[in-house]
Amino acid sequence: MAEQTKQQYEFKAEMKQLLHLIINSLYTNPEVFLRELVSNSSDALNKVRFMQLTNENIHSKDAPLQIKIELDEKEQTFSIEDTGIGMTEQELVDRLGTIASSGTLEFIKQIQESKGKLDGNMIGQFGVGFYSAFMVTDEITVETRHASPDAVPVKWISDGQGTFSVEESEREERGTKISFKLKDDFKEFATKYRVESVIKKYSNFVDYPILIEDEEINKKGALWHKSKNDIKDEELTEFYKFISNDFNEPLDHLHLAMEGRMNFKALLFVPKQRKPNFFQNEEFKSIQLYSNRVFVQDDCKEILPEYLRFMEGLVDSEDLPLNVSREVTQYSPIMNKIKDVLVGKILGMIEYWAESEPENFKTFLKEFGPLFKSGINSDFANRDRLVNLLRFQTTKSGDDELVSLKQYVERMPDFQKEIYYLSGDSLRDLRNDPRLEYFKKKDVEVILLHDPVDSFVVPGLMQFEEKDLKSIEKSDIELGDADEENKDALSGDALTKLIGVFRDELGDKVEDVVASKRLVDSAATLTVGKEGMDSHMERMMKMMNQEIPASKRLFEINPAHPLIKNLAAMNEAGKTDRVKLFAQQLFEGSLLMQGQLESPTEFVNRMTNFMKMASED
Ligand code: ADP
C-alpha cells in the first residue's frame, strides 16, 4: 500500500465565489443543509441498490441500505453516514472540488441578480448541495469508501476557505460519512428534535430508513403503490413538495395504475408555477424512473415529450428491462408505449380543465402555455387535440377572455369563409392596428396573436375545420363586398394618375400600389401577397438571424380618405414633386407601424418639413 500522504488542493475559482455566496445568502434557511446531505446520501444509496441488481462484486455486500445521523449536543457535533456507493479518490477530488451541477451555477446567478435577497423557499429549486453545510460549520470532514471491492478509503477535509486536503482513511465500510462541529449559532442542529422536524419536512419520503440514535424517523414506502383511495390529499402534496422541491401545492396530479398488457404506475404532478428560468434551462430534473420500486434514473427525458417537460413525478414499471444498460432501457419499445399512454392521460387532464376547471386551465396556460403549444409542431399524433386546446384573445374578447378556434368558427358570419389573425408584439398595439378597421366595420372577428409561439404555430396550422387560416395582412381577402361602391371615394382618371405617381416614386420598394377596399379610417397600409410571410413573422425570423429575403408588399391607399383625395387634387394641379414626398412619407409611416422601418431619419426630416409647411399657412 502506498505511503500515507496528505495532498493539498485549491478550490476552483467559481467554488470560492459559491462558498462565499452560500454563507452570506442562505443564513435565513440554514436547515437546507440537512435536506441536501440526506438527498446526496439517498442518491448514493439509489446507485448502490441499482449496482446490487447487476453486480455481485460489491464491498460490504450485506450492509443495510440506510442513513444514520449522529448528534452530540454537548460537543455540538453532527454526522451523517450512508452505506451508499461512496466515492473513489478521484471522484472525491472532482466532485467536491469543482462545480458540478448547472443548478449550482444557476443558483449563483440568481443570488447575484437578487442581490443576496433570495427567498429562502426558492433555495430548494437549485441543487446547492453539499457546500450548504458550510453555513453551519467551519470545517467539514468527509470519509468515504467506494463500493467497488478494491477501492481505497479516503478522507477529505476543508474549512471552505479556498483549499481542501485529501488523504487515506481508515474507513472499513462502503459508503460516506460527513461530520463536523457546529458553529455556536447553529448548535440547534445537534438536537434530535430539531433535526427530526427538518427531515420530516423535507425528506419524509426518502426510500431508505433515516436513523437518529437508532430510531427510524421517516415514513418510507412507495406512495404510488397504494390504491388511490388510501392516499390522503396532504400526503400527495407532501410527496409533491418532496420530489419537486417546490414550496407550492401542485396545480393537479395524475395517479395511474395500469395493469394487463402493460404494467406501470405513475404519479405525476403539474406545478402551479414554473421554476425560475424554466424556458431557458432544459436541464431541470423532472420525471424519475423506477423499476418495481427500485430507482433507476433521475431525469428521464425519454418518458415524456419535450413539450410536456413541466410535469414532475415518477413512473414505476416492472416491465422495464433492468439488467441492461440505461441506454437500451431508454429506447425500449415498452418505454414508447408508456410514453403514449402518459401523453394521452396528461392531455386528457388538460382537456378536462379546459371544459370544467377554467381557472386551472388559465394558470396552466400562463405558466407553461408557450412550451405546451410548441407540441403542435412536434407531436403529430396528438396534433388535433393540441390544436383544440389553443386559446386566443380576439377583437371580440376581453383581455382576460380566451377563445378557442372552435368557438371562433361557430360565430363566423355566413359570408366569412376564412379564419383571420393578426400577429404582433403586444395585445395593446394589436388592438389599435389600423389594419383591423375594415374587419371591425364588417363585424368580423380577428384573432390577435401576441405570444411569439402563437405567431409561429398558427400560420403553420394552415386550416382548421377546413377553413383556411389567414393573416389579415394578406392582400387577397374578400368579405363579399368586392362590388360595393363608396360614392365618396376617389375614382376614375384622377385615381389612376395618382397611383401612377406613387408607383413611379416607390419603384422597387413595393410589389405594386393599389386602391384599397379594406381601409376605413387610415390613408394607407401595406399588405402581402399569397406567398409572402406576414410582417411580424418576418421580423421574428430576422431577430433569430434567419436569412430570409424580405417579401415585397402591396401598398394600398384609401381612395375615400381626405388626404388621398387632396393628393389627387394636388397632382391634377401639377404639384407632382410634392405628391411624391407624401407618397414616401405614407409608405414609411406604414413600415413604421409594422416595425419594419430601418432608419427613421428621413421620415422624421420629412415630417419636420411638413409641419413647417403646415405652420406657415
Ligand atoms: P449535487 O448533489 O447537486 O450533484 P453536491 O455538491 O451536493 O451536488 O454533490 C456533488 C457530488 O458529490 C454529487 O453529485 C455526488 O457525486 C458526490 N456526493 C456527494 N455526497 C455524496 C455521498 N453521500 N455519497 C456519494 N457521493 C456523494
Side-chain angles (χ1 to χ4, degrees), residues 395 420 422 429 431-444 446 472-529 535 552-594 596-597 600 602-617:
T395 45
Y420 297 117
L422 177 62
D429 289 352
R431 288 209 187 281
N432 294 323
D433 197 293
R435 286 166 292 181
L436 291 172
E437 289 164 4
Y438 173 66
F439 296 86
K440 286 184 190 154
K441 193 180 92 178
K442 295 247 122 199
D443 200 30
V444 167
V446 177
I472 65 165
E473 283 184 36
K474 298 275 172 170
S475 50
D476 58 336
I477 287 177
E478 289 287 346
L479 288 177
D481 54 0
D483 305 323
E484 254 174 54
E485 282 237 12
N486 182 340
K487 284 189 273 335
D488 296 332
L490 182 70
S491 58
D493 204 29
L495 178 61
T496 317
K497 278 199 275 179
L498 181 67
I499 288 177
V501 174
F502 269 65
R503 275 189 189 136
D504 283 351
E505 178 59 20
L506 298 177
D508 280 356
K509 291 183 193 162
V510 295
E511 182 71 51
D512 198 3
V513 181
V514 295
S516 181
K517 291 192 212 96
R518 66 162 94 193
L519 287 171
V520 182
D521 298 322
S522 302
T525 193
L526 285 161
T527 60
V528 60
S535 57
K552 277 205 194 151
R553 316 230 154 230
L554 223 50
F555 191 50
E556 301 196 10
I557 56 174
N558 179 0
H561 196 280
L563 175 62
I564 299 298
K565 291 195 222 166
N566 290 347
L567 291 182
M570 251 159 88
N571 195 34
E572 295 300 306
K575 295 184 191 164
T576 314
D577 285 344
R578 209 189 258 197
V579 173
K580 286 180 178 172
L581 281 179
F582 277 92
Q584 287 291 357
Q585 192 70 356
L586 279 168
F587 172 66
E588 289 195 354
S590 303
L591 282 180
L592 183 64
M593 288 287 280
Q594 298 186 358
Q596 292 194 314
L597 183 61
E602 289 186 40
F603 180 77
V604 173
N605 284 343
R606 234 182 277 115
M607 185 163 71
T608 310
N609 278 332
F610 286 137
M611 289 196 291
K612 185 167 151 281
M613 282 190 268
S615 63
E616 282 163 359
D617 282 345

Practice task
Find the distance between CG (Leu581) and CD (Glu505) and round it off to the nearest 0.5 Å.
Solution key: 7.5 Å
Problem - Pairs touching residues 559-582 that satisfy side-chain hydrogen bond (donor to acceptor under 3.5 Å, both in side chains), sequence neighbours left out - result: Lys497-Glu572
Exercise for the section: Under the side chain to side chain contact (heavy atoms under 4.5 Å, CB included) rule, what do Leu586 and Phe502 come out as? Steps first, then yes or no, please. Expected result: CA-CA 10 Å; Leu586 279 168; Phe502 269 65; 4.0 Å; yes
Practice task
Using the six-membered ring wherever Trp is involved, compare the ring planes of Phe555 and Phe587 and label them parallel, tilted or perpendicular (cut-offs 30° and 60°).
Solution key: perpendicular
Exercise for the section: Carefully, step by step, assess Arg606 and Glu588 under the rule salt bridge (charged side-chain N to carboxylate O under 4.0 Å, His left out). Expected result: CA-CA 10 Å; Arg606 234 182 277 115; Glu588 289 195 354; 3.5 Å; yes
Problem - Between CD on residue Gln585 and CZ on residue Phe603, distance to nearest 0.5 Å - result: 4.5 Å
Practice task
Give a yes or no answer on whether the side chain of Ser615 reaches the backbone of Lys612 with a donor-acceptor pair at less than 3.5 Å.
Solution key: yes
Problem - Thr525/Thr527 under side chain to side chain contact (heavy atoms under 4.5 Å, CB included): CA gap, chis, key distance, verdict - result: CA-CA 7 Å; Thr525 193; Thr527 60; 4.2 Å; yes
Exercise for the section: Kindly give the heavy-atom pair with the smallest separation between Ile499 and Val513, and that separation in Å. Expected result: CG2-O, 3.6 Å
Problem - Gln584 vs Lys509 side-chain heavy atoms within contact, under 4.5 Å - result: yes
Problem - Over all atoms of both residues, closest heavy-atom pair of Lys517 and Glu556 - result: N-OE1, 4.4 Å
Exercise for the section: Using a strict 4.0 Å threshold on nitrogen-to-oxygen distance, state whether Glu437 and Lys441 make a salt bridge. Expected result: no
Handout entry: Donor-acceptor pair, side chain of Ser516 and main chain of Ile557, under 3.5 angstrom
Key = no
Completion exercise
Only one of Val446, Asp433, Asp443, Val444 passes side-chain contact (heavy atoms from CB on, under 4.5 Å) with Thr395, and that residue is Val446
Fill in the blank from the handout: Between Val579 and Met570, the two heavy atoms sitting closest are CG2-CB, 3.9 Å
Fill in the blank from the handout: Between Leu506 and Ala583, the two heavy atoms sitting closest are CD2-O, 4.2 Å
Problem - Heavy-atom side-chain contact between Leu519 and Tyr438 under 4.5 Å - result: no
Problem - For the student: nearest non-hydrogen atoms of Asn558 and Ser522, plus distance - result: ND2-O, 2.8 Å
Practice task
Before giving the answer on side chain to side chain contact (heavy atoms under 4.5 Å, CB included), spell out for Lys440 and Val520 the whole-Å C-alpha distance, their side-chain angles and the decisive distance to 0.1 Å.
Solution key: CA-CA 10 Å; Lys440 286 184 190 154; Val520 182; over 6 Å; no
Practice task
For the pair Glu473 and Arg435, find out whether any cationic side-chain nitrogen is under 4.0 Å from an anionic carboxylate oxygen.
Solution key: yes
Practice task
Kindly say whether Leu554 contributes a backbone atom to a donor-acceptor pair with the side chain of Asp512 at under 3.5 angstrom?
Solution key: no
Practice task
Take Phe582 and Leu563 through the test side chain to side chain contact (heavy atoms under 4.5 Å, CB included) and record every step on the way to the result.
Solution key: CA-CA 10 Å; Phe582 277 92; Leu563 175 62; 4.2 Å; yes
Problem - Spacing of Met593 atom CE and Asp429 atom CG [to the nearest 0.5 Å] - result: 8.5 Å
Problem - Residue pair Ile564 / Pro559: nearest heavy atoms and the distance that separates them - result: CG2-CA, 4.2 Å
